Amino acid sequence: WRMCVSGCPYKKVYFNHKTGKAEKCTLCYPRVEVGLPTVCSETCVGRLRYLGLFLYDADRVLEAASVTDERDLYEAQLDLMLDPHDAAVRDGARAEGIPDEWLDAAGRSPVYALAKTYQVALPLHPEFRTMPMVWYVPPLSPVVDVLTSTGHDGEDLDNLFGAIDSLRIPVEYLAELFTAGDPAPVRRVLQRLSAMRSYMRAVNLGDPADETVAAAAGMTGAELTSLYRLLGVAKFVVNYATPT
């Protein structure tokens, strides 16, 4: 009847005319269950897809999904994520039958790092009040070229911060996608990505590292460097934390 196609809030179900069935991504479960990454992750030429797991408090899912203000849903979902390095969390997970292989994978999960540690990945449409399984890093847009073409230093932090509200993809539009219309978390993400660009340019040119650049984005230089290594030069084994 294809009602699932029109009813999917994420618009991810499509009708396959060859098979005569409505279909969607299955996250390559035959590969994931044996510890292999999904095909789309492994074949992404830009290495832009990360795969990992995180531990969350299943008993608080309903509570998180029931917050009154839609703009509080992002933080509520983020709070469900448990620290995989916390001894109490690991002991609780073991008591629930979660194997150590999964706990170790959770500790090196790039998804946990991007969503919780660095807080640069956001859920899609939290206002639908579903538990997000996919998190997205908002695009910074080609802001550097635009600034350079106008005679400004495209890697200067002040210029980058000032250009965030005039990006090709408006912050307000991104907020409607990721944070139920709240622009503050989206702007924070874009500021952190901008700070990473500015900070790492100085490092790569051999200039002294400027901690004020990191502080302006609410991070440290070490955190920006780690974020850069994850987003820019991560190896295969870092991109995917997939236990069997």
Side-chain angles (χ1 to χ4, degrees), residues 25-61 64 74-124 131-139 178 185 188-189 192-193 195-197 199-200 203 209 214 217-244:
C25 168
T26 62
L27 202 70
C28 291
Y29 68 86
R31 290 174 57 89
V32 172
E33 67 182 358
V34 295
L36 297 174
T38 61
V39 172
C40 67
S41 297
E42 192 170 22
T43 60
C44 177
V45 295
R47 288 288 180 261
L48 298 177
R49 296 172 186 258
Y50 298 78
L51 198 67
L53 67 152
F54 56 82
L55 307 174
Y56 65 92
D57 190 342
D59 295 329
R60 294 181 53 235
V61 171
Y74 163 58
E75 290 293 342
Q77 292 174 346
L78 204 62
D79 286 342
L80 289 176
M81 289 190 185
L82 302 176
D83 184 357
H85 303 290
D86 186 291
V89 170
R90 295 176 70 89
D91 290 342
R94 290 190 184 98
E96 294 293 331
I98 297 177
D100 282 349
E101 183 187 11
W102 281 49
L103 298 181
D104 294 339
R108 54 186 174 83
S109 169
V111 179
Y112 177 85
L114 293 171
K116 182 78 170 186
T117 305
Y118 304 117
Q119 296 188 12
V120 295
L122 303 171
L124 183 66
M131 186 69 185
M133 293 291 102
V134 182
W135 295 69
Y136 300 83
V137 179
F178 301 124
R188 182 182 67 219
V189 170
R192 291 186 171 186
L193 296 177
M196 181 185 70
R197 291 191 67 117
Y199 182 87
M200 291 308 302
V203 171
M219 301 181 73
T220 65
E223 288 173 334
L224 287 182
T225 302
S226 296
L227 178 59
Y228 163 75
R229 295 195 63 81
L230 180 57
L231 289 177
V233 294
K235 296 184 178 181
F236 184 92
V237 294
V238 177
N239 280 32
Y240 316 120
T242 51
T244 56

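None of the values given here were measured: they were computed from a predicted structure. All residue numbers in this chain count up from 1 along the given sequence.
Ion pairing between R90 and D104 holds under the 4.0 Å rule for side-chain N and carboxylate O.
The SG atom of C28 lies 9.5 Å from the CD atom of E42; values are rounded to the nearest 0.5 Å. For the atom pair CG (L53) and CZ (R108), the distance works out to 9.0 Å, reported to the nearest 0.5 Å. Residue T244 holds its OG1 atom at 4.0 Å from CD of E101, rounded to the nearest 0.5 Å. Residue F236 holds its CZ atom at 7.0 Å from CZ of R47, rounded to the nearest 0.5 Å. Here CG of L231 is found 11.5 Å from CZ of R197. Values are rounded to the nearest 0.5 Å. Note: Q77 CD to E75 CD = 10.0 Å, rounded to the nearest 0.5 Å.
The shortest distance between side-chain heavy atoms of V203 and T225 does not fall below 4.5 Å. The shortest distance between side-chain heavy atoms of N239 and S41 does not fall below 4.5 Å.
In the displayed structure, R188 atom CZ is contacted under 6.0 Å by more than 12 heavy atoms of other residues, nucleotides or ligands. Other residues, nucleotides and ligands contribute at most 12 non-hydrogen atoms within 6.0 Å of the CZ atom of R229.
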Practice item. Report the C-alpha separation of M131 and Y56 in whole Å, then their side-chain angles, then the decisive distance to 0.1 Å, and conclude whether the side chain to side chain contact (heavy atoms under 4.5 Å, CB included) test is met. Key: CA-CA 10 Å; M131 186 69 185; Y56 65 92; 3.8 Å; yes

Review point. Can Y240 and V32 be said to form a side chain to side chain contact (heavy atoms under 4.5 Å, CB included), step by step?
Key: CA-CA 10 Å; Y240 316 120; V32 172; over 6 Å; no

Review point. When you look at L114 and W135, which way does the side chain to side chain contact (heavy atoms under 4.5 Å, CB included) test go after all the steps?
Key: CA-CA 9 Å; L114 293 171; W135 295 69; over 6 Å; no

Check your understanding: When you look at V34 and T242, which way does the side chain to side chain contact (heavy atoms under 4.5 Å, CB included) test go after all the steps?
Key -> CA-CA 8 Å; V34 295; T242 51; over 6 Å; no

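Looking at every heavy atom in both residues, Y112 comes nearest to A106 through CB-O, 4.4 Å. Residues E223 and T220 share a closest heavy-atom pair of OE1-N, 3.0 Å. In terms of heavy atoms, M219 sits closest to L224 at SD-CD2, 3.6 Å. In terms of heavy-atom proximity, Q119 sits nearest to Y74 at CB-OH, 4.3 Å. Taking both residues in full, the closest heavy atoms of P110 and L230 are given as CB-CD1, 4.0 Å, listed atom of the first, atom of the second, then distance. In terms of heavy atoms, A93 sits closest to L103 at CB-CD2, 3.4 Å.
The backbone N or O of Y118 sits less than 3.5 Å from a side-chain atom of R192, completing a donor-acceptor pair. No donor-acceptor pair closer than 3.5 Å links the side chain of S109 to the backbone N or O of A105.
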